[in-house]
Peer 1: 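This structure is in structure tokens; I'll ask about it shortly.
All heavy atoms count here, side chains included; hydrogens, waters and symmetry mates do not. All of these numbers come straight from a predicted model, not from anything done at the bench. Along the sequence shown, residues are numbered consecutively beginning with 1.
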Amino acid sequence: MTARRVGVEEEFLLVDGATGAPAGVAGQVLRRTPPAAGAAERNVDQELTREQVETGTAPVHSLAELRAEIRRLRSDAGRSAQSTGHRLAALATSPVPADPTITPDPRYEQMMRLYGVVAAEQLACGMHVHVETASPAEAVGALDRVRPWLPILLALSTNSPYWHGQDTGHDSYRSQVWARWPVAGPTEVFGSERAYRQALDAALATGALLDDGMAYFDARLGRGLPTLELRVADVCLYADDAVLLSALARALVDTAARDWAADRPPQPVRTEVLRLAMWRAGRSGITDELVDPLTGAAVAAWTAIDRLRSHVRDSLEDAGDLAVVDDLLGQLKGRGTGAAAQRAAYTCRENLGDVALDAADRTVPT
């Protein structure tokens with residue numbers, strides 16, 4: 001059986017090479033980032049603020065290919081940033097206080113006018129995993145069935161404990177910042193592609209969104225792509241964690257699609273409970289408790305993670321990913337997420353600029 005193709009978008013901060021403070025140099029970095037050999041366009045692009053860039057891998061079948069793509073793109077963008085005296089940092093929020101500047105772009109400028117401080121303060125970096133689907137109907141069927149498991153993906157990715165120079169007490173404060181958007185977070189069960197489209201149309205009719213690209217659901221159908229896009233994760237500090245999250249996301253979508261094809265109904269989990277589960281995941285990541293996707297009760301984080309692994313085991317085995325996922329889960333359990341690394345760097349150096357520079361060292365593989 002051929003594994004579904006998977007692709008990853010990662011958003012990064014650009015920070016000053018001496019101070020670690022966010023720097024609005026995306027234009028310079030992009031001009032110095034050439035396309036990959038044989039490609040017509042580069043895979044690095046602008047984002048809402050000039051302090052960020054985004055990379056996007058090609059869709060691939062194997063985790064080895066995906067790992068190579070993620071590492072190549074981080075390395076290319078990292079070299080370009082260094083050539084300007086700056087660093088690429090996989091930080092989901094900035095440890096150093098920042099005053100972000102909006103990228104000159106008509107759509108982004110319109111977002112500033114409509115959303116005010118929500119857009120102005122949106123210096124947050126996520127990771128989006130696109131998993132190939134056979135049809136929009138299958139994608140919606142999978143979307144309805146992945147809902148309870150998405151908070152665990154957030155917990156595994158947590159990498160944003162600092163905001164405006166303070167430890168927030170959250171392992172993922174980005175998830176709190178992101179929740180400010182008018183259509184962000186978990187969704188109800190749709191039941192059909194038609195119901196999904198009707199929900200988007202109803203959201204657009206309110207005038208609260210510029211376009212359907214601002215339907216920032218935790219998971220959504222890919223815009224113009226035959227994919228289901230899972231959007232809950234912080235950008236991962238370590239490239240290998242990005243590979244792990246992608247493998248679990250693919251297996252989760254594949255498992256959900258199989259359940260949909262077999263006409264097994266989605267779990268009837270209320271959206272309010274999903275919001276609580278997402279808050280719990282962002283608060284303490286993998287270090288305390290998570291909400292059990294099957295019972296809705298609080299359980300030890302690694303109990304919930306083990307249940308996710310069991311839930312998607314057949315899909316992992318069929319894709320040839322189980323051994324890799326087990327190895328990467330072991331690494332993550334041993335060292336912790338990016339949030340733990342950031343706090344450890346601050347404990348050692350007591351300087352938030354050094355926290356950002358330490359993250360930059362870990363971002364680009366050597």
Side-chain angles (χ1 to χ4, degrees), residues 8-15 20 22 47 49 51-55 70-71 73-74 77-78 87-96 98 122-129 150-179 218 230-246 248-249 278-288 290 301 305 328-329 331-348 352-365:
V8 177
E9 297 166 345
E10 293 189 287
E11 298 164 349
F12 300 97
L13 290 185
L14 298 168
V15 301
E47 253 299 328
T49 78
E51 289 75 17
Q52 297 169 277
V53 292
E54 179 184 64
T55 64
I70 289 171
R71 291 170 66 89
L73 289 170
R74 287 185 175 213
R87 304 289 302 280
L88 184 81
L91 292 163
T93 57
S94 172
V96 180
Q122 196 59 227
L123 188 59
C125 296
M127 170 182 161
H128 306 154
V129 183
L150 296 181
I152 300 176
L153 298 186
L154 170 62
L156 290 166
S157 73
T158 49
N159 186 30
S160 48
Y162 296 104
W163 181 253
H164 289 309
Q166 296 184 351
D167 191 323
T168 64
H170 291 252
D171 280 12
S172 170
Y173 197 68
R174 178 207 60 87
S175 59
Q176 294 296 308
V177 174
W178 190 254
D218 288 345
L230 278 55
R231 302 172 50 84
V232 295
D234 282 6
V235 66
C236 294
L237 178 58
Y238 303 98
D240 278 353
D241 287 357
V243 176
L244 170 64
L245 265 290
S246 301
L248 290 172
M278 197 64 70
W279 182 89
R280 174 78 274 182
R283 178 65 176 81
S284 54
I286 63 174
T287 65
D288 193 0
L290 295 172
I305 294 164
L328 294 176
L329 278 172
Q331 290 182 37
L332 179 56
K333 189 174 185 179
R335 62 162 154 73
T337 66
Q342 289 189 53
R343 288 189 171 116
Y346 183 75
T347 298
C348 179
L352 289 173
D354 285 346
V355 171
L357 295 176
D358 177 77
D361 289 341
R362 298 171 191 269
T363 297
V364 179

Peer 1: Would the distance check show the side chain of T93 and the main-chain N or O of Y162 forming a donor-acceptor pair, the cut-off being under 3.5 Å?
Peer 2: yes

Peer 1: Could you tell me the separation between the OG1 atom of T168 and the CZ atom of R174, rounded to the nearest 0.5 Å?
Peer 2: 12.5 Å

Peer 1: Please tell me if the side chains of W279 and H170 come closer than 4.5 Å, counting only heavy atoms from C-beta onward.
Peer 2: yes

Peer 1: List the atom of P95, the atom of L352, and the distance in Å for their closest heavy-atom pair.
Peer 2: O-CD1, 3.3 Å

Peer 1: So for atom CD, which belongs to Q331, do other residues, nucleotides or ligands contribute more than 12 heavy atoms lying within a distance under 6.0 Å?
Peer 2: yes

Peer 1: Look up atom CD1 in I70 and atom OG1 in T55, then write down how far apart they are to the nearest 0.5 Å.
Peer 2: 8.0 Å

Peer 1: Do L14 and Q52 touch side chain to side chain, with heavy atoms closer than 4.5 Å?
Peer 2: no

Peer 1: Provide the closest heavy-atom pair for S160 versus Q342 in the form atom of the first, atom of the second, distance.
Peer 2: N-NE2, 4.1 Å

Peer 1: Between R343 and T347, do the side chains contain an N or O donor and an N or O acceptor separated by less than 3.5 Å?
Peer 2: no

Peer 1: Look at R335 together with D241 and state whether they make a salt bridge at an N to O cut-off of under 4.0 Å.
Peer 2: yes

Peer 1: Please confirm whether the backbone N or O of A339 pairs with a side-chain atom of D171, one donor and one acceptor, at under 3.5 Å?
Peer 2: no

Peer 1: Nearest heavy-atom pair of L290 and G285: which atoms, and what distance?
Peer 2: CD2-O, 3.5 Å

Peer 1: Out of curiosity, L245 CG to I152 CD1, how far, rounded to the nearest 0.5 Å?
Peer 2: 11.5 Å

Peer 1: Is a side-chain donor or acceptor of E10 paired with a backbone partner of V235 at a separation under 3.5 angstrom?
Peer 2: no

Peer 1: Got a second to check how far D361's CG is from L237's CG, nearest 0.5 Å?
Peer 2: 10.0 Å

Peer 1: Quick one: do Q122 and T49 satisfy side-chain contact (heavy atoms from CB on, under 4.5 Å)? Show the steps, please.
Peer 2: CA-CA 8 Å; Q122 196 59 227; T49 78; 5.6 Å; no

Peer 1: I'd like to check D288 versus R280 (side-chain heavy atoms, cut-off strictly below 4.5 Å). Are they in contact?
Peer 2: yes

Peer 1: Return the minimal non-hydrogen interatomic distance between P22 and A98, and the atom names on each side.
Peer 2: CG-CB, 3.6 Å

Peer 1: If you round to the nearest 0.5 Å, how far is CG of L156 from CG of N159?
Peer 2: 12.5 Å

Peer 1: How far does CG of L91 sit from CG of D234, to the nearest 0.5 angstrom?
Peer 2: 10.0 Å

Peer 1: Shortest non-hydrogen contact from Y238 to G336?
Peer 2: CE1-O, 4.4 Å

Peer 1: Are M127 and S246 close enough that some pair of their side-chain heavy atoms sits under 4.5 Å apart?
Peer 2: yes

Peer 1: Using side-chain heavy atoms (C-beta onward) and a distance below 4.5 Å, is W163 in contact with Q176?
Peer 2: no

Peer 1: Looking at every non-hydrogen atom in both residues, tell me the closest pair between A281 and P151 and how far apart they are.
Peer 2: CB-O, 3.2 Å

Peer 1: For R74 and T363, indicate whether the former's side chain and the latter's backbone hold a donor-acceptor pair under 3.5 Å.
Peer 2: yes

Peer 1: Can you check whether L244 reaches L248 side chain to side chain, under 4.5 Å on heavy atoms?
Peer 2: yes

